[in-house]
Amino acid sequence: MAEVVTDQLQVWVDQDLCTGDGLCVQYAPEVFEFDVDGLAYVKGPDGELRLAPGSRVDVPEHLRLEVIDSAKECPGDCIHVVRGSDGVEVAGPEAEED
């Protein structure tokens, strides 16, 4: 039987492109949150916002689809979901379209 390997995914938000629409916060409030500037940021498992530009957090296994949908539906095209193993973008503005 073949071994199924699921890469750990990581996500980050480009605040320069964020429109503050809030779809990501609706889809996955455990991962995304607004800061006082009205822009979305990722937050770690400790609940703390990662405010440094390009900060990545691991995507919880049970929220993979919600985070990917957030990236696909984001009007600002500012959410990047990448494979942890090689950094290839799987959802977001730089992802290869099917």
Using atom types as modelled and distance alone, determine if a side-chain donor or acceptor of Asp46 lies under 3.5 Å from a backbone N or O of Glu48. yes
Side-chain touch Leu63/Glu30, heavy atoms, less than 4.5 angstrom: yes
Euclidean distance, Phe32 CZ relative to Leu49 CG, rounded to 0.5 Å: 12.0 Å
Listing, residues 76-87 side-chain donor-acceptor contacts under 3.5 Å, not counting sequence neighbours, or none:
unit_1	atom_1	unit_2	atom_2	d
His80	ND1	Glu89	OE1	2.8
His80	ND1	Glu89	OE2	3.2
Arg83	NE	Asp86	OD1	3.1
Arg83	NE	Asp86	OD2	3.4
Arg83	NH2	Asp86	OD2	2.7
Ser85	OG	Asp7	OD1	3.1
Ser85	OG	Asp7	OD2	3.1
Asp86	OD1	Val88	N	3.1

Nearest heavy-atom pair of Pro45 and Arg50: which atoms, and what distance? CD-NH2, 4.3 Å
Can you tell me how far the CG atom of Leu51 sits from the CG atom of Asp37, to the nearest 0.5 Å? 8.0 Å
Would you please test Phe34 and Leu39 for side-chain contact (heavy atoms from CB on, under 4.5 Å) and show each step? CA-CA 5 Å; Phe34 286 123; Leu39 302 178; 5.7 Å; no
Residues Gln10 and Val59: closest non-hydrogen pair is C-CG2, 4.0 Å
When you measure from the side chain of Lys72 to the backbone of Val67, do you find a donor-acceptor pair of N or O atoms at a distance under 3.5 Å? no
Using only atom types and a distance under 3.5 Å, with no angle test, would you say the side chain of Ser70 pairs donor to acceptor with the backbone of Glu66? yes
Please tabulate, one pair per line, all N/O donor-acceptor pairs under 3.5 Å involving side-chain atoms of residues 11-28, not counting sequence neighbours.
unit_1	atom_1	unit_2	atom_2	d
Asp14	OD1	Asp16	N	3.0
Gln15	NE2	Val13	O	3.3
Gln15	NE2	Ala40	O	2.9

Output, in order, the C-alpha distance, side-chain angles, deciding distance and verdict of side-chain contact (heavy atoms from CB on, under 4.5 Å) for Leu9 and Arg64. CA-CA 8 Å; Leu9 297 180; Arg64 287 169 72 109; 3.8 Å; yes
